[in-house]
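A short write-up of the structure that comes next.
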Amino acid sequence: MKIENLRLNLSEYRDKVYGCWLGKNIGGTLGAPFEGQRVTNDCTFYTQDLKGDPLPNDDLDLQLIWLSMAERHGLLNLNSRLFGDYWASHIIGPWNEYSVAHHNVRNGFYPPISGALNNDPWKYSNGAWIRSEIWACLFPGNPDQAIRFAYLDASCDHCGEGIYAEMYTAALESAAFVVKDLRKLIAIGLSKVPANCRVAKYVNMVCDAYDKGEDWLTARNRVVEDNNQDLKWFQAPANVAYATLGLLYGEGDFGKTICRAVNCGDDTDCTGATAGAVMGIMYGRQGIPQKWLEPIGEKILTCAINRFGLMTMPPASIRELTNRTVRLARETADADPDFVPLSSEPAQIPEKVEEALMDTAQAKAIWDRNPFQMDYYLTNATVRVIYEDPQVEPGKPTKVRIEVRNPLISEGVYHLRWLLPEGWSVDKAEGCTCSKNYFYGWQEFVLTPGPLSQSVTYVTLDVRLHDRFFPNYLSIPFQRKGSVEYPKSYEETDCEEFEEQAFRLRRMLKHLNENSPA
């Protein structure tokens, strides 16, 4: 939603973007050595000799791929198919939900199904909210646009709470370009997620503890106690709350803020990085103390992405990342009527702008989206397949709704025809629907699967426009129920064994870092 009379100064905007990426790199590097520990920490500064370089961090890595994708296709042209294809080609991090999303997309289950299918217990984990800064920086002062793209991003490898977490951080960070009051920023972030979700519950829990004058450890332990009843460790609601805790109890001090977030434990590189990014946006590059900058410089080191095959290579430095982010934002402003203007004139922030930024209409539309839907983009239509459940069993009927959206002004009549595998049946083999611009038509079908010899079966749907003779064959995937084994969570493994392995890994990384060439 566009706010009347809202304008940003280009120089100030660039300084905030610069601060965001620097804060991200600093907080991620600070927290990396403590990642995965379930105890509180006593961190006050970097704990390793960095020799002028930051540590690589997937929190930043994936955003570099999204930047290259937006530069290639145009930011406003991004869709779920592009996110899925870039994920399958360029996200090589093998961890948890990243791996699940990669597996799902390669089998034909694109976002948002890729984040909802086969993804227990990682669907509410931390992989998405940690990469929200790109959308905040590309849509400064416009949280509704930021959450639109945060949803496309998060739905690659998450659903539910995992998506709400990125909507919260993206909205808060976008608003931080025009609102300086932290509590108002938190309120804006919360306005973009359901009031009864766990993300909101834990953020409110931390705010309540802060307001009552309780210390940060008491606030942290309240979240831990509630979270450990079911969600357990490495999950988004608690870690988003830890980042928020850092911001509150840091009380405007950059170093204190990121250390407070990291000292809560759990996914510490994520909490420190997000807290650092928010501080960078609020106070700009000039608000980050030099002592935090000198040990790591401005280089970007990666660990989870494949650079090859991209039209534009990911940025190699924070300065380059800043320049390219700003350039893309300015290019988008020419095509997006809702974009907050960037000008050499002084910034213009209307009174009570935060109230306008808390509008919930667009956020609620996102909450209502079905996680088991998938879009196919044709030259003359967008076809949406909505599953009752993408997992099926032989002989058990399942409903499938087909929606057709016509990009043309004139009305189109679409013919739908199923070409079924041997042994499958459908209540009606053919259907017809009408659609025109801004409207869609639909048909519902009941399919009964036959024998399922493979884990995924592809069923063909032929879609034809009434005045086009050529067919559009869509391959609709169905997964045999029970054919995919979920990855185990830490709670299902021997905790002492896991923590010993984590300790050995941290010791090995410390050794490699101390003995690497300068």
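Position 1 is the first residue of the sequence, and the numbers go up from there.
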Taking the inter-plane angle between the rings of [X] and [Y] on a 0 to 90° scale, is it parallel (under 30°), tilted (30 to 60°) or perpendicular (over 60°)?
X	Y	value
Tyr13	Phe177	tilted
Phe83	Trp135	tilted
Phe139	Phe339	tilted
Tyr46	Trp292	perpendicular

Note, [X] side chain near [Y] side chain (heavy atom, < 4.5 Å):
X	Y	answer
Ile3	Val340	no
Arg198	Asp230	yes
Trp216	Asn263	yes
Leu62	Ile65	no
Met167	Ile163	yes
Asp181	Glu354	no
Glu71	Arg327	yes
Tyr18	Val326	no

Closest non-hydrogen atom pair, [X] against [Y]:
X	Y	result
Asp58	Cys303	N-SG, 3.9 Å
Ala171	Gly189	CB-CA, 4.1 Å
Ala329	Leu138	N-CD2, 3.9 Å

- Message: Please evaluate residues Leu231 and Glu161 with respect to the criterion side chain to side chain contact (heavy atoms under 4.5 Å, CB included), reporting the C-alpha separation (whole Å), side-chain torsions for both, the decisive distance (0.1 Å), and the verdict.
- Response: CA-CA 11 Å; Leu231 288 182; Glu161 298 286 347; 5.7 Å; no
Enter the distance from [X]:[atom1] to [Y]:[atom2] here, rounded to the nearest 0.5 Å.
X	Y	atom1	atom2	value
Ile130	Lys24	CD1	NZ	6.5 Å
Glu166	Asp153	CD	CG	4.0 Å
Tyr110	Asn104	OH	CG	11.5 Å
Arg319	Asn323	CZ	CG	7.5 Å
Arg183	Cys207	CZ	SG	4.5 Å
Asn25	Ile318	CG	CD1	4.0 Å

- Message: Strictly below 4.0 Å, N to O, side chains only: are Lys364 and Asp368 in salt-bridge contact?
- Response: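 No, this pair does not count.
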- Message: Do the side chains of Asp157 and Arg131 get close enough for a salt bridge, i.e. N-O under 4.0 angstrom?
- Response: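 Salt bridge between Asp157 and Arg131, a charged N being under 4.0 Å from a carboxylate O: yes.
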- Message: Measuring centre to centre across the rings, with the benzene-like ring taken for any Trp, is Tyr98 within less than 6.0 Å of Trp87?
- Response: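 Between Tyr98 and Trp87, the centre distance is under 6.0 Å.
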Tell me whether [X] at atom [atom1] has more than 12 heavy atoms from other residues, nucleotides or ligands lying less than 6.0 Å away.
X	atom1	result
Arg330	CZ	no
Phe308	CZ	no
Arg369	CZ	yes

Short side-chain donor-acceptor distance under 3.5 Å, [Y] and [X]:
X	Y	result
Tyr202	Arg222	no
Gln63	Glu133	yes
Tyr249	Asp215	no

- Query: Checking Arg148 against Tyr151: charged group under 6.0 Å from the ring centre and within 45 degrees of the axis?
  - Reply: no
- Trace of the side chain to side chain contact (heavy atoms under 4.5 Å, CB included) decision for Leu310 with Tyr86: CA-CA 9 Å; Leu310 293 169; Tyr86 271 75; 3.8 Å; yes
- Given side chain to side chain contact (heavy atoms under 4.5 Å, CB included), test Ile305 with His90 step by step and report yes or no. CA-CA 5 Å; Ile305 59 175; His90 299 291; 5.6 Å; no
- Message: Considering only residues two or more places apart or on different chains, which pairs with a residue in residues 253-277 satisfy salt bridge (charged side-chain N to carboxylate O under 4.0 Å, His left out)?
- Response: Glu251-Lys256
- Check the pair Cys137, Thr325 against side chain to side chain contact (heavy atoms under 4.5 Å, CB included), reporting the backbone distance first and the verdict last. CA-CA 7 Å; Cys137 289; Thr325 302; 3.7 Å; yes
